[in-house]
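Accompanying notes for the structure given below.
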Amino acid sequence: MPTPEIEERTRIAKRIAREFNHSQQRMIINLGVGIPTMVANYIRSELVFIQAENGMLGVGRKAVETEIDPLLINAGREPVTQTPGCCYFDSAESFGMIRGGHVNATVIGAFQVDADGNIANWVIPNGRQLGVGGAMDLVSGAGQVIVAMIHRTGKGKPKIVRSCSLPVTGYGEADMIVTELAVFRFIDKKLTLVEIFPGVDLETLRRQTEADFEVSADLTEYLQ
Amino acid sequence: MPTPEIEERTRIAKRIAREFNHSQQRMIINLGVGIPTMVANYIRSELVFIQAENGMLGVGRKAVETEIDPLLINAGREPVTQTPGCCYFDSAESFGMIRGGHVNATVIGAFQVDADGNIANWVIPNGRQLGVGGAMDLVSGAGQVIVAMIHRTGKGKPKIVRSCSLPVTGYGEADMIVTELAVFRFIDKKLTLVEIFPGVDLETLRRQTEADFEVSADLTEYLQ
Amino acid sequence: MKHPSKIVGLQEAIGAVESGNRIMIGNFGMSGLPALLIQALVDSGAKDLTIISNDLGTPGKGLGRLLRNGQIKALVGNYYNWNPEVPEAYFSKKIDVTLLPQGTFAEAIRAGGVGIPAFFTPTGVGTDLAEGKETRVFNGRTCLLEKALYADVALIWAYRADALGNLTYYKTARNFNPLMAMAAKVTIVEVEEVLPAGALDPECIVTPHLYVDYIIERKPPHADA
Amino acid sequence: MKHPSKIVGLQEAIGAVESGNRIMIGNFGMSGLPALLIQALVDSGAKDLTIISNDLGTPGKGLGRLLRNGQIKALVGNYYNWNPEVPEAYFSKKIDVTLLPQGTFAEAIRAGGVGIPAFFTPTGVGTDLAEGKETRVFNGRTCLLEKALYADVALIWAYRADALGNLTYYKTARNFNPLMAMAAKVTIVEVEEVLPAGALDPECIVTPHLYVDYIIERKPPHADA
């Protein structure tokens, strides 16, 4: 039996994979560490290609046992496999794809997202972190920015906030937020609830969400 | 029997090739059209590699007959051959080499070079020319800029002038001028005669050279 | 969802071009020129085009046909002395021409592709081609500010494609083609041969498939079109 | 003049590094790391180094050894959370650290290699990493001015070299290595294998030999040094 947390993380990953699996367009996507990486497990469409910013297009599934090649890793340093038609390139070419707008979507984790679509996901200023990775490049360069995160922190604090208190990675860049409770989209720049998980009522959701949000006229059940 | 003009052009090409053949350092060189291209015929050192700005390092000799491949050309659109260890790259990489200072020398033709090392070699404003090629990139980017040219124009006008009257390609970029009569170097930014061809006297040379020039204390016969 | 083929007919591909578009076309003289696509562009009759290319071929050949056919409003490029009809059209004010040093031209196309809107370069400072351009000194050297180039459509040539649209090139026919593939909204490539996905060495792919929208496979009867 | 071999011993190669130098080192975590060269740099005891690299490995491993050995004055790079000793040294003011977004970092190294002293990019605008940086709007989008990165010496890894110094890479171990090869005054490469000139496909060479000064060939006994 999966733990509730694994079940929730899986739910988020599946919901985002569904987004890509339903695309009629070829999608080049980049997946951050954590829940975003899990999205790869549920991709079913041949139109979806995974880019890793350390220099690969066509990332396959995680490598296991004898497949492991320490020189073939994703940006989270996990050993991965390659898919037919994959290719390798240097880091300037890789971020050229991202900055140039050729990566259609990025799925990222976040510490906070606020009502203006600002994302804080690169540093908690606790004196122990020093690193930015590709986060700023991805949120500013990728077409769609999809935030994948558990709705609240481990201590129960809201992560969808009025205004980010942590250092911001990119301003107004979020397009979609998927948590275990709900799916939000930024529609006309307004944070809008579009799907809610069965059994979650709107009042509970509002309590767990610091930011005010609109409710879509087309609000549906969380798609699975 | 070669015509006097061919003999003079060959002399210039050989003199410049000598410069490269005597280098103890690996030399990456780029050769412009005309006399500069002829320099390749006299390269004897394995340390010298020819770069063509249309995307090749390791250009071989001119292609003849069955060797001709219309897709393998130098920047003057002449069919060429490849040498072992050659490689191909796109135009941005090619000019990255040039702009980045990785090409040690360029040999170029010129309409005029002046006493300040300014070079005019890209356009005669006669209403019939419209093109710059790689001239500006090469004179500003390459390590040594060697001008290869017949001493005067077909009409007998000096080409080594006080101040360029034609549109300038690069300011203060010339390092060496090789004509059929003499070799000049810019030493401490001063145009300096360093070699003179047997039978040419200094007075004649001064008459055919509009720019004033210093005479090196180490003036020698034109090296061949 | 199955991956649909990018391999299309010439008519469908060239339908991406509209009058008034900015079109990048890969070539260096006749090397690396997408000849079938250029023929199709001539046949399409699209007008008021801005052609962004190294040169414009020779009179009435290659890209030179677009000029004879009255389809060109403006050129952005490097070297037109191989086609005297270009200076003639420019000096008689029939077309606009923007000249760039070849390296600046190449870098500006790459910049357009990789999302760099402008860059500084020491090339061309003080020359006629620097007129009106901002200058700034870096590390003691004066540089010009140059802007990225973008296009609506790129027509390029490559040697081989795989079914996904990954591309490899051939000798000096590579030139501007991989750069232009990145800098246009729609990229159409003419190739000699299409292989199955996975047939090209992943270490040797020059243009990854995400830059390629349509593929035209040359057939021997058209090879010298 | 015969072409002299670029293949040298570790001692001769690392002799190019002096205390106070700016050193680029290729890696992404442990992938594409020149392990023998790093060992030699540790052994050399060169001090006050500025290390320009994506990350600094993990504590006491890979590039992490340079920090433990007290050889580092400053870091310019992207991500140090894999090695908590780096934040610790920075926040206790033992070393300087300049962080750049990964794409900006890569582009700045390339820029150093290709003679572009500075470029504008939309990445990072308004963030803590934009502090003190000039901004300008292009095409309606605010961008930062970022400067090129240069080094005295680059220590890189490649899969294969030919005798001239042309290089090919392997999978995601390519990362920053080809970029750093271009941006340093002296480039030293550690390779798995050296082949004769002409043995590498001219279409597949990633780093042309003009960027390479010295080659270290890994021998199996040292492979896990």
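Lettering of chains follows the sequences in order, A, B, ..., and the numbering in each one begins at 1. Scope of the values below: all heavy atoms of this structure, side chains included, with no hydrogens, waters or symmetry mates.
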Plane angle bin for B:F213 and B:F184 - parallel if under 30°, tilted between 30 and 60°, otherwise perpendicular: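 Because their plane-to-plane angle is over 60°, the rings of B:F184 and B:F213 count as perpendicular.
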Between C:Y170 and C:Y159, what is the ring plane arrangement, given parallel below 30°, perpendicular above 60°, and tilted in between?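 If you compare the ring of C:Y170 with that of C:Y159, the planes turn out tilted.
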Does the side chain of C:N175 pick up a donor-acceptor pair with the side chain of C:N54 at under 3.5 Å?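 Result is no, nothing qualifies.
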If we ignore angles and hydrogens, is there a donor and acceptor under 3.5 Å between the side chains of B:T106 and B:Q144?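 Absent: no donor and acceptor within the cut-off.
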Could you give the distance from CG (C:L200) to CG (C:L195), rounded to the nearest 0.5 Å? 5.5 Å
Region of [X] in contact with chain B, defined by heavy-atom distances below 4.5 Å:
{"X": "C:P101", "result": "both"}
{"X": "C:Y90", "result": "side chain"}
{"X": "C:V125", "result": "backbone"}
{"X": "C:S92", "result": "neither"}
{"X": "C:I109", "result": "neither"}
{"X": "C:F176", "result": "both"}

I need the residue from [options] with the largest number of non-hydrogen atom pairs under 4.5 Å to chain C.
{"options": "B:G170, B:G134, B:G127", "result": "B:G127"}
{"options": "B:M56, B:E93, B:Q82", "result": "B:Q82"}
{"options": "B:A135, B:A75, B:P167, B:G96", "result": "B:A75"}
{"options": "B:N54, B:V168, B:V139", "result": "B:N54"}
{"options": "B:S91, B:A52, B:C86, B:S140", "result": "B:S91"}

Near C:K133 NZ, under 6.0 Å, is it more than 12 heavy atoms from other residues, nucleotides or ligands? yes
Is atom OH of C:Y214 surrounded by more than 12 heavy atoms (other residues, nucleotides or ligands) closer than 6.0 Å?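 Open: at most 12 neighbouring heavy atoms sit under 6.0 Å from OH of C:Y214.
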So which part of [X] gets closer than 4.5 Å to some heavy atom of chain C, the side chain, the backbone, both or neither?
{"X": "B:L71", "answer": "both"}
{"X": "B:D69", "answer": "side chain"}
{"X": "B:S94", "answer": "neither"}
{"X": "B:R128", "answer": "backbone"}

Heavy-atom closest contact (C:F120 atom, C:C143 atom, distance): CB-CB, 4.0 Å
Heavy-atom pair with the smallest gap, counting every atom of C:G62 and C:L33: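 Answer, listing the atom of C:G62 first, then C:L33: CA-CD2, 3.8 Å.
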Quick one: of C:L179, C:T104, C:V206, who has the most non-hydrogen atom pairs under 4.5 Å with chain B? C:L179
Looking at chain B, which one of C:F105, C:F28, C:Y169 has the largest number of heavy-atom pairs inside 4.5 Å, strictly under? C:F28
N/O donor-acceptor pair under 3.5 Å between C:N21 side chain and C:D152 backbone: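 No, the answer is negative, given that no donor and acceptor are paired below the 3.5 Å cut-off.
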Any donor and acceptor pair, going by atom type alone, linking the side chain of C:D162 with main-chain N or O of C:L164 inside 3.5 Å? yes
